[in-house]
There are 2 protein chains.
Amino acid sequence: MQNRPGRSPRITINDVSTAAGVSPATVSRVLNGTAKVDSSLVDRVHDAVRKLGYRPNAAAQGLARGEWGTIGVLVPDLANPYFPDVLKAVSSVARAHGRRMMVMESDEDPAVEHDLVEDLMRCCDGVLLCSPRMPRAELAELLSREHPMVLFNRVVPGLTVPSISVDFHGGMTQVCGHLAQLGHRRAAYLSGPSASWANAERIRAFEGARAFGLEVNVIECGAGSQAGYDAVGALLESEVTAILTYNDLVALGALSRLNELGVSVPAQYSVVGFDDISLDRVAHSNLTTVSVPRDELGRRAGEILEQLLVNGYDADPLYLPMALHVRDTSGPPRR
Amino acid sequence: MQNRPGRSPRITINDVSTAAGVSPATVSRVLNGTAKVDSSLVDRVHDAVRKLGYRPNAAAQGLARGEWGTIGVLVPDLANPYFPDVLKAVSSVARAHGRRMMVMESDEDPAVEHDLVEDLMRCCDGVLLCSPRMPRAELAELLSREHPMVLFNRVVPGLTVPSISVDFHGGMTQVCGHLAQLGHRRAAYLSGPSASWANAERIRAFEGARAFGLEVNVIECGAGSQAGYDAVGALLESEVTAILTYNDLVALGALSRLNELGVSVPAQYSVVGFDDISLDRVAHSNLTTVSVPRDELGRRAGEILEQLLVNGYDADPLYLPMALHVRDTSGPPRR
DNA sequence: CTGTTAGCGCATTCAC
DNA sequence: GTGAATGCGCTAACAG
């Protein structure tokens with residue numbers, strides 16, 4: 001863009017207009033189809049564009065149009081297998097509406113998260129906030145900026161902001177019901193990040209299962225397979241017969257550890273995941289889990305954001321249902 | 001950005017300068033630390049910024065500075081488990097240098113790929129091209145634009161462009177050696193996309209294994225687990241005892257199908273993956289495969305691009321080595 | 001140290 | 001239909 005040594009000078013709309021013998025305005029019209037232009041001029045412009053290799057500067061366009069042509073997505077962890085599908089869907093929707101996608105990662109850090117959102121607001125028409133860890137007040141303050149924003153995987157009661165999420169509560173309830181019907185009476189939940197709303201929803205449903213006679217036990221754990229691996233040790237001294245987890249990674253970590261310890265699943269312990277990251281791509285996975293329609297989620301989120309940008313959007317939070325997949329890691333409790 | 005109905009008017013640097021009783025230039029200096037400013041003014045500026053909720057417009061900054069503050073990454077498939085780690089690393093490097101990351105997906109389509117690269121060049125200081133499927137000539141033409149660009153996972157002989165890649169050839173050679181030493185004499189390779197350089201490298205090494213007495217057999221397949229699943233049928237009628245694959249997804253799909261068919265692995269067939277996407281996150285994976293250091297790859301790629309932007313970069317293509325992981329899906333051939 | 005000025009590259013009024 | 005002029009919001013000379 002700038003003329004650094006050794007780099008050829010940037011070609012502007014003026015270069016094209018000169019080469020084509022027309023005004024810059026005409027070049028703009030031709031390129032954007034903004035108005036009718038004599039076909040002979042159209043050709044001359046296209047020729048000049050091609051010959052010069054002209055590419056309109058996106059920053060200049062953005063400035064002049066008052067739109068960046070970009071949406072921003074902030075995720076807590078890019079390496080989390082949950083997000084690629086979401087990003088893919090969002091990207092596709094964005095592109096269908098002529099927008100680019102900026103991606104940032106907060107590394108699960110609420111403080112960083114705040115700064116990144118602010119940064120996104122400086123360069124994007126709208127922001128899609130995935131699973132924000134941010135405290136409610138901070139979120140409210142960000143929303144007060146009146147910058148188009150959609151919340152993904154978190155619903156904040158009292159804040160009116162377009163939100164789309166998954167019915168985690170329902171998902172966890174299905175898991176508990178499944179285990180209870182198998183005969184389990186004591187279960188442990190390996191809890192995810194405490195700041196996570198999604199985690200809180202799971203816990204809420206988990207504790208609700210007490211009503212069905214399930215003795216529940218929440219254990220601080222984390223969000224990765226390592227956390228699951230590490231958390232298993234303490235469990236084996238307890239009376240639980242079923243292990244529920246914050247997500248599939250944790251479950252897989254736990255399974256891995258159980259396997260090492262020679263504990264058989266599901267004979268001695270049932271293990272149930274959450275999210276279903278393992279199935280679709282890794283076909284022979286066999287973890288019992290509940291799934292969320294990730295691409296639909298991403299698609300809908302993208303569409304809501306787009307609608308918000310164009311018409312405004314005002315609807316209640318959307319909850320997509322989860323589906324239970326009973327596979328090989330759950331069974332009747334040991335006697 | 002623009003004043004749409006119901007949206008509050010955008011706050012500019014002038015609003016801040018007025019509120020603080022200083023010139024816009026001073027505001028700019030304070031915010032960018034470009035020059036020394038009297039501390040009393042600094043405070044007034046900061047107060048005004050906070051009170052007004054001012055956020056500099058990235059497009060305007062970009063235009064004025066002659067830099068977008070953004071790098072672009074183009075990947076063939078966002079949902080491919082290979083890329084999250086790469087994106088994560090690239091994002092982290094970019095941010096460390098104060099740049100944002102734009103992400104685009106070509107959907108494995110060379111035609112789309114071209115347009116997206118052009119688009120990235122309009123809005124990014126530099127472009128990281130992952131596994132481009134594009135024909136060589138087209139790539140050359142794109143490079144002639146003199147826009148900073150780094151090639152990732154593809155090396156094009158004769159084109160001098162910063163490239164970083166993986167020693168796929170070496171990886172495949174290790175796989176073949178492993179199988180040969182186990183006693184295999186007939187192997188099939190489930191080939192990936194034909195336009196893929198990475199695939200060509202694997203094939204080259206695979207065929208090189210003939211020299212060691214391995215009878216090799218390349219079978220068109222594809223890049224996803226479904227492709228692997230579908231490709232298995234035809235194999236069972238052949239004499240091969242080992243199945244090599246384009247990547248782990250294909251291998252897992254194949255395993256899944258073999259499992260359904262009641263064919264045992266590795267007793268009847270050895271199956272070997274490529275890339276090692278399954279291990280690190282899904283701890284109890286047991287696929288024999290070769291791994292690539294994805295985060296190092298992403299990190300180095302990001303750093304090369306950054307260096308290219310700042311100092312210029314001129315070095316030979318970098319090849320990172322792969323490592324063989326012998327796990328449970330490979331063993332001696334059936335008699 | 002600080003304010004004034006002049007672009008950055010483009011879209012978009014207006015006149016013609 | 002087309003061109004000339006203006007401004008998007010900011011930074012970087014340039015004066016003072």
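Computed from a predicted model, the values in this text were never measured in an experiment. Below, chain A is the first sequence line, B the second, and so on; all start at residue 1.
- The CZ atom of Arg10(A) sits 8 Å away from the P atom of dG9(C) (whole-angstrom rounding).
- How far SG of Cys124(A) is from CZ of Arg100(B): 8.0 Å, rounded to the nearest 0.5 Å.
- Residue contacts shown for Pro56(B) are limited to sugar-phosphate atoms, with no base heavy atom under 4.0 Å away.
- At the phosphate of dG3(C), OP1 or OP2 sits under 4.0 Å from a side-chain N or O atom of Thr26(B).
- Between the CD atom of Gln61(B) and the P atom of dA12(D) there is a distance of 10 Å, rounded to whole Å.
- Here dG7(C) presents its P atom at 18 Å from CG of Asn57(A), a figure rounded to the nearest Å.
- When distances are taken from the side chain of Asn32(A) to each of dA11(C), dG3(D), dG9(D), the shortest belongs to dA11(C).
- Mapping Ser39(A) and Val27(B) onto DNA chain D via the closest heavy atom, the residue that lands nearer the 5' end is Ser39(A).
- As a whole-Å value, the separation of Asp38(B) CG from dG3(C) P is 10 Å.
- In this structure, the nucleotide among dT2(D), dG9(C), dC10(D) sitting nearest to the side chain of Tyr54(B) is dC10(D).
- A straight line from CG of Leu63(B) to C1' of dA12(D) spans 13 Å, rounded to a whole angstrom.
- The heavy-atom pair separating Ala79(B) from Lys88(A) by the smallest distance is CB-CD, 3.7 Å.
- For Glu67(B) and dC8(C), the CD to C1' distance is 13 Å, given to the nearest whole Å.
- Of all heavy-atom pairs between Ser131(A) and Phe83(A), the closest is OG-CZ, 3.9 Å.
- Comparing the local axis fitted to the first five base pairs of the helix from dC1(C)-dG16(D) to dC16(C)-dG1(D) with the one fitted to its last five gives a bend of 40°, rounded to 10°.
- Scanning both residues, Gly298(B) and Val90(B), for their nearest heavy atoms gives O-CG2, 3.5 Å.
- Here the closest heavy-atom approach between residue Thr70(A) and residue Cys123(A) is recorded as CB-O, 3.8 Å.
- In the set dG3(C), dG9(C), dT2(D), the nucleotide with an atom closest to the side chain of Ser23(B) is dG3(C).
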Arg44(B) vs Asp47(B), salt bridge (charged side-chain N to carboxylate O under 4.0 Å, His left out): CA-CA, chis, key distance, verdict: CA-CA 5 Å; Arg44(B) 272 155 56 192; Asp47(B) 287 348; over 6 Å; no
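- A donor-acceptor pair shorter than 3.5 Å cannot be found between the side chains of Tyr82(B) and Asp77(B).
- Using bins of under 30°, 30° to 60° and over 60° for the plane-to-plane angle, the ring pair His147(A)/Trp68(A) lands in the tilted bin.
- Regarding Leu31(B), its CG atom lies at a distance of 13 Å from the C1' atom of dG9(D), rounded to whole Å.
- Contact annotation: side chain of Arg29(B) to base of dG3(C), donor-acceptor pair present below 3.5 Å.
- Asn14(A) has no side-chain polar atom (N or O) that falls below the 4.0 Å cut-off from OP1 or OP2 of dG9(C).
- Residue Thr12(A) is classed as a sugar-phosphate contact, given heavy-atom separations below 4.0 Å to backbone atoms only.
- When distances are taken from the side chain of Ile13(A) to each of dA11(C), dT4(C), dG7(C), the shortest belongs to dA11(C).
- Contact check, Ser28(B) against dT11(D): a side-chain N or O comes under 4.0 Å of OP1 or OP2.
- We find that CZ of Arg122(A) is positioned 19 Å from P of dC8(D), with the value rounded to whole Å.
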